[in-house]
Structure formats: C-alpha cells, structure tokens
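Ligands are counted one by one from 1 in listed order, and the atoms in each one are counted from 1 as well.
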Amino acid sequence: MSTDMQQTHGSVEGSSAATTILTPDRVAKFLPLSAKGINSDGRIIHVTHQIPFNIIRKQKEYMVVAESLPSPPSTPPRGKQETTEISVEANSAKEQWLFVHRRGHSAMYSGIQSVSQERESIHIGWTGNIHEQHTKRVVNDINDEDKTTLTKLLEEKSIVPIFLDKQQSHNHYEGYCKSTLWPLFHYLTWSKASDGRDEKVNWVDYVAVNTQFAQCIASQYRQGDKIWIQDYHLLLVPELLRALIPEAPIGLFFHVPFPSSELFRCLSTRKQILSGLLGADLIGFQTFSYARHFISSCTRVLGHESTPLGVNAAGHIASVCTIPIGINAQHVDVLRNSPGVIAKVESIRETYKGKKIIVGRDKLDVTKGVIQKLTAFEKFLEMYPQWRDKVVLIQVTTPTHSNNSGLESKISEQVSHINNTYGTFEFLPIHYYHQDVDPEQYYALLSVADLALITSVRDGMNTTSLEYIICQQERKSPLILSEFTGMAGSLSAAMMVNPWNFAGVAKAIDTALSMPLEDKITRHTQLFAHVKNNTSEFWAQSFVKQLQVIREQPFQFSRTPLLNYQQLKADYDKANKRIMFFDYDGTLTPIVSVPSAALPPKDMSEYLQILCDDPKNEIWVISGRDQETLEKWLGGIRNLGFSAEHGCFMKQPNSDNWINMLEDVDMSWKNDVLKIFDYYTERTQGSFVEHKKSSITWHYRQADPQYGLFQAQECQNHLENALLSKLPVEVMVGKKNLEVRPLAINKGEIVKRLLALNPEVDFIACAGDDKTDEDMFRALCASPVGDSCYAITVGPSDKKTLANWHVENSEDIVQALGLMAGAVNDE
Ligand SMILES: O=P(O)(O)OC[C@H]1O[C@H](O[C@H]2O[C@H](CO)[C@@H](O)[C@H](O)[C@H]2O)[C@H](O)[C@@H](O)[C@@H]1O
C-alpha cells in the first residue's frame, strides 16, 4: 500500500453539521421497534486488545486460598482486585491459573458486560503477559498444553484468548500503539528524531497482531453475529475482517481523541490506518469533534466523499456516530458507601481539619496536565493570599507502564518549590503521592473533596470526573474540568477551564471554593443526572443498537458477490456468440488525479486485442470520454467498437467511421452550461472544465476536497434550477465531476441497441464503476442469456448497484480479461 497522500490541502476543517449524538431519549425515539430491544438473533463478538483478566500462573507449592470477594453487579472499577481461582484437575497440569480482573478500562469492560448479560456474547482478546504469582516475572514458556488448558478454562467465561508472540506484542503495544499512535492522537508529534527503523518494525508487528486478531474473529464468526471492536490497538481489523467475512456487521469504537486532519496527516501510515477503519459499518467516537476530525481526514487523506453521518469509501458506507462513554454508576455508588471508604473519609477529614481539600488524581502522563495544574495552583496562592494555609491540594499521580521518570522529577521539583514558597513548618499546601491508590482510598478522596481539579491538556474522556460526581452526592462540591477532555462536551455544569490559562484556572479555584451552596446544588444536580443516565451500560447498548439499525437498512445488507472467475471462464468458453461492454475510467484503468494521465495499461490492451481477434466476440468500450481520446489510447486495437461521450458517438468494430447519434440535436445549451461552469471554476481553485463535442464536464478532483464537494453541490443545484426545466439536458454526478449531456441518450440506450442488433448472443459481460454505468446494468436486467450475463461493478461488495457481481478494482477487470483471453490462468 502506498503511504503517499492523495491530496494535501489547506485548512478548511469539517463542517458545522452534527454527527448523530445519542442521548437516551433520542435512542428510544429514533430506533425502529425491532431494534428497541437488542435480543435479535446472533451473538455479539466483543473484541478488545486484552481480555478483562490478568492471568497469573501459580505454583502448587505456593497455593493459598483465593481472596473471596462478593460478586459486583458488573466489572469492578479500577484498582479492584477481584480474583477467580480455577483449579486444574490434578495430574492434568502442574499449574493452577489465577484470573484477576484487570485494572483500568472499567467503563469499557462494564459496558461490554452489560451487553453480555442481555445477549449471547463472546469476548476475544490478547491474554496480556502472563505472570508468575510470587516472583511477578513474565512467564516465557507458555507451551501448547498450557494454551489448550487456558483456552478451555476461559471458554467457561465465554472468552477466546489470543496468544501473541512476546516480541510482537511488545512492538505492537509499547511500540506502535504507545509510541506512535497514542502521542499523535493526543496532539503530541513525536519529539525524538529517529531514522524510522523502529517505527517500521513496530508497524510490521502492528499489522501482524491486527491480522492475528482478524483471523481469530473470522474463525469464531457465525452468520448473524455482530462484531464490536474496541479502540486504537486494532484499527486495521475492520478491513482485514471485511476481506475474510464480507457480510459480517462490524463496528469499532474509538476511545481516544481523533486529532485534526492537519495533525493526523503527519502519520506515515495514514492511508492504511484510515482504510483499515473504513472496513467497519459503524465507527463510534466519544465526542462530535473527534468524529468530525475523522471524517475530515478521510476526505483529505483518501479523497473519499462524506457527510456528517459517514464516509463513502468507494461505495461502502462507513457510518459515524458519537456516543460518549459513561461509568457503572450503580456499582460506584455501592463501593463509595462501603464501611472501608466511610472510615477513610473520616480519617482524611480529621487529618485536614479546618482546610479546604482540592483533589487531583491523574496518571503520570504529560497529557494529564499535572504540571499545568501545579502552576495554576501556585498562581492561585499568589493571586488569592487569603486562601494560603486554608487550602490543601492532595495530588495523586499513578504510575503507568511507560517510563515517565523525567516528568515525575519535574512534578516533584515543582511541588517542592511551591511547598517551600508557601508552606510553613506546620503545613504544606501540596500533599503529593506518586503511587497506586487502592479503591477505598480513591473513593474516600473523591468523597471528601471540596473541589476536584482536572486540567488535562488532552484526554479522550476522563471517567474520574464521573466517579467524583457519584461520590459527591452529599457534599455537592464543584468540579473544575479542562475543556480539552472529551467529557467537557457532556458535563456542561462543570466549571470549564483552559489549563494553559493559569490565571483563569486560579480564578476558577477561588470561585469554586467560595461557591454558595445553592449554586453547588444546581450544578451537582445537573451533573449527577448526566452520570446516572449516560452509564457504561447505556453507552454499550446504544452502540450495539446503532450497529443493528445500520445493518437493517436494505442496501447495507444486500451484498454483491465477488466475481466467480472460474464460472466466468467456463461460461465464456462454452459460448458461441459473445458481446462485451466495458466502461473506461475506473474500470479498464484506475482513476488518477489528472484525466489526461489515465493511460491504458499495456496488458489490458493486449488482452482486449486477443479477445477482439476472436470472431465469436464483439467487444465495445462504452465511455464518457470523447472520440479523440478513445482513438488515441485504444484506436490501435483492431475490431474494437466504441461509444463516446455517454452514447453520443459510435464507431462499429469493423469500421473507421464515427456516427454522430445526435446529428440533429440542438447543442446551443452548451453556452449556458459553460457560463455556470466558468462561474464555479473561477471560485474553486484547482477545478477545470473538460470540453467535449456533445457534453461538458466540470472536474474538481484537484480542488480542496470538502470545498470542491460543496461547490459541486451548489453548481448542481444552480444547473438544475436555472437550466434543466428549459433544456433537453441531464446533469450527471460522476467521480469528482459533474457532466452535462443531452437527455436523448445514455450508456444504457447504447447497450439496448447493441443487444437488439445481436439477438443470437449467449454470453454477455459488462463492467463499469460509476453511476452512469448503472444504466448499462439496468439494460441487462432482462438479459436473454440467464446466468451467462455478467454485470460487474468495480467497487466494494456493499455498493448500491444493479450489477450481479463485483470486483475490488480495475486490476481485477484486467485479470478477468486475461483469463477470458486465455493469457492468464485462474490462480
Ligand atoms: O465513462 P468513463 O469511461 O468512466 O468516463 C467518465 C469520465 O472519466 C474521466 O473523468 C474521470 O476519470 C479521470 C481519470 O481517472 C479523473 O481524473 C476524473 O476525476 C474522473 O471524473 C473523464 O475525464 C470524463 O470526460 C469522463 O466522462
């Protein structure tokens, strides 16, 4: 695959229209009855990078009784270590395996689990590194027997494990995901200069791991299942899977931000990543702006047409929706009321008696804006001296897998500096902890706070803010939230800040700490209603319903089968009289950016010549191109028939003369059309007019893709309103062009005429790629040759078409020509 950008344009970003944003009310209203419940046939195949459990190998001699915890209503939140111990039959294996709920991603896993409770589901994912229980060492010797045992044990939990090669999984996750994609998606361009070798190796393994996932999913898939893939670790899976199981409904949810196309286009694998994603039927985002950036990137990087609701990837529609994730509110409510949490709340209150408590809890990652928070807090102490000694910031920064020691020391230095400046022997304004907190401490901190301060400089969502709101049902303390979190779009009652505006954050802290109770109650009520209604369960069920609704649209379901080359060849060989019609651009040759560069591929011309030399064949090229171009490029092929300008001109296979099919038709309309085309050309940089004898084409492929499409729609309206009612012409929407030609004729009329002249044919092949070629397919609907009629569209299998077969691209058509000509074999 080429990594070159098709078009790199200026900065017109997105449009103002909205993607589908789902709220509980909307979902209930717009879903058809059949989709209101999600209990239709088929399973949900959940796919996450890792399964929800960490697997621990436990040596017999160390065996202890597993910690027994009450079963939560859903997956435990981060930090909770629920364990399930499963004993392997004595003598069948030496080890015992321990499955411990993974930390983190609790919103996602609990959403998935809520779907699994309602509907038969399986969950596919990598096992993660498997550790020894006591030494915590990664187990390197997982053999086939272990794999079989683990697969069997996990099957009881409806989990299908994927075992990845250690190096490959490292390069995939720590390498490509964490070092290349994660920074880019969080607006951080890669700072380290490198020769690109690491990225290449990591990319190879990103592809390999995605391929392994696609193969595993395909092996589990049953007709009727729906596949739901999670996040940026698996962006190539939809396309890979589409190739393996074309009819499968595929959804993908993107948990992290999607950056502006101006940033996304820095990625060297931008085309592969977008094409990979576009294999899905539904792509979900956390916020409207992430969705808008994605759509805009598809338009700019791949040149696809789009609407705010989705992307048209050469006929396959990938729908886009916005469904913000939530938390399992009910479960958090249970946990925060546990005796352990209540005791800790009291103890923290006692420790910080008389002080206002600001709580910050972030991962140690530059995107979380801890440095910005500390700077703003210092500004607050400077600007509002009345608060000194009366406020404490408890900042917990939890370690991550990545090495962030530089950031850690910076934070520690800044904390010391502020404490030295504003602290006393008795009191320090910042209490900083760089450590994991256990769930009881975590919920106690959120419950005891007078204010939560979230200053991420980029954050996909930030579910801590939601947990805080649940914990604040009594105190109703305010929330300061960075406008750069995905959550900002949902929590409008929070106090929104720009974390880079330190004085602004300082002022917000002062306002929050001085807020009258009435205001706190108003804000909290609104925030709480959001968290209660937009839970992880609502998020997951909305996505699944949406995927179902999309697949219920008839055209999405009807798939055109891939051309059966053997059958084509067999029918071709046994026929006595054959007729074939081929469109040119996009069918015999790939679409290129400049029309004059669409030269015929050499092998294509050779195969056409062999076919034309066979007296049983009559072959036609039926094109929108003019006579001169067709003569120049294909005129050397003996016995080839031509129809130019969508049927306006014809040349019989055995003749040198062109016939004007519209001799007596008035062409004065061309001046009026040209005036309108000129108007839009002057205003659309990169567009131009192609003059032909009986038609005119306005091309905008080289214009800014979004502006070009906008102008084309305006121009089409203009033409239709100003001319069509008065003139005998038709406007055709082509591939990044608008064509105007006389009404009297089209490609379908030519096909009908030629079939009438050849009643004895017992084999028909017709291939085309765009809307004008559908006229030919329509003319073949009542074909007299039954199954020996091959109407082939070039494009994906779910393209809306009247053709009975499809191929992916023009190379496949050339392959079919070679096969019929006997020049290539069917391999
Ligand atoms: O009926 P066809 O043979 O498919 O011709 C349709 C039009 O094709 C040409 O334009 C298209 O192909 C160009 C080359 O790949 C591409 O640059 C352009 O964007 C496409 O719209 C041709 O220029 C038109 O005259 C034909 O009507």
- request: Begin from the C-alpha positions of Q272 and V207 and carry the test side-chain contact (heavy atoms from CB on, under 4.5 Å) through to its verdict.
  value: CA-CA 10 Å; Q272 294 93 317; V207 176; over 6 Å; no
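- With salt bridges taken as basic N to acidic carboxylate O contacts below 4.0 Å, none links K693 and D626.
- In terms of protein heavy atoms, atom 19 (O) of ligand 1 is closest to R701 NE, 2.6 Å.
- Annotation: V592 places an N or O atom under 3.5 Å from an N or O atom of ligand 1; distance criterion only.
- The shortest N or O to N or O distance between D769 and ligand 1 is not under 3.5 Å.
- Taking only nitrogen or oxygen atoms, main chain and side chain alike, T772 does not reach within less than 3.5 Å of ligand 1.
- Protein heavy atom at the shortest distance from atom 24 (C) of ligand 1 is E690 OE1, 3.4 Å.
- Scanning all protein heavy atoms for the shortest distance to atom 8 (O) of ligand 1 gives D585 OD2, 3.0 Å.
- Set against the non-hydrogen atoms of H646, the atoms of ligand 1 under 4.0 Å away are 27 (O).
- Residue D773 places no N or O, backbone or side chain, under 3.5 Å from any N or O of ligand 1.
- Cation-pi geometry between R292 and F294 is not met: the NZ or CZ atom fails to fall both under 6.0 Å from the ring centre and inside 45° of the normal.
- The heavy atom nearest to atom 25 (O) of ligand 1, out of those in M732, M776, R625, K692, is found in K692.
- Every atom of ligand 1 with a heavy atom of Y584 under 4.0 Å away is listed here by number and element: 3 (O).
- One option in K735, E739, K747 has a heavy atom closer to atom 7 (C) of ligand 1 than any other, and that option is E739.
- Taking 4.0 Å as the cut-off, E645 does not count as a neighbour of ligand 1 on heavy-atom distance.
- Using a cutoff of 4.0 Å between basic side-chain nitrogens and carboxylate oxygens, E631 and K651 are scored as salt-bridged.
- Contacts with ligand 1 closer than 4.0 Å are made by backbone heavy atoms (N, CA, C, O) of S593 only, the side chain lying farther away.
- The protein non-hydrogen atom at the shortest distance from atom 4 (O) of ligand 1 is D583 OD1, 2.6 Å.
- Looking at H646 and N746, their side chains never bring a donor and an acceptor atom within 3.5 Å of each other.
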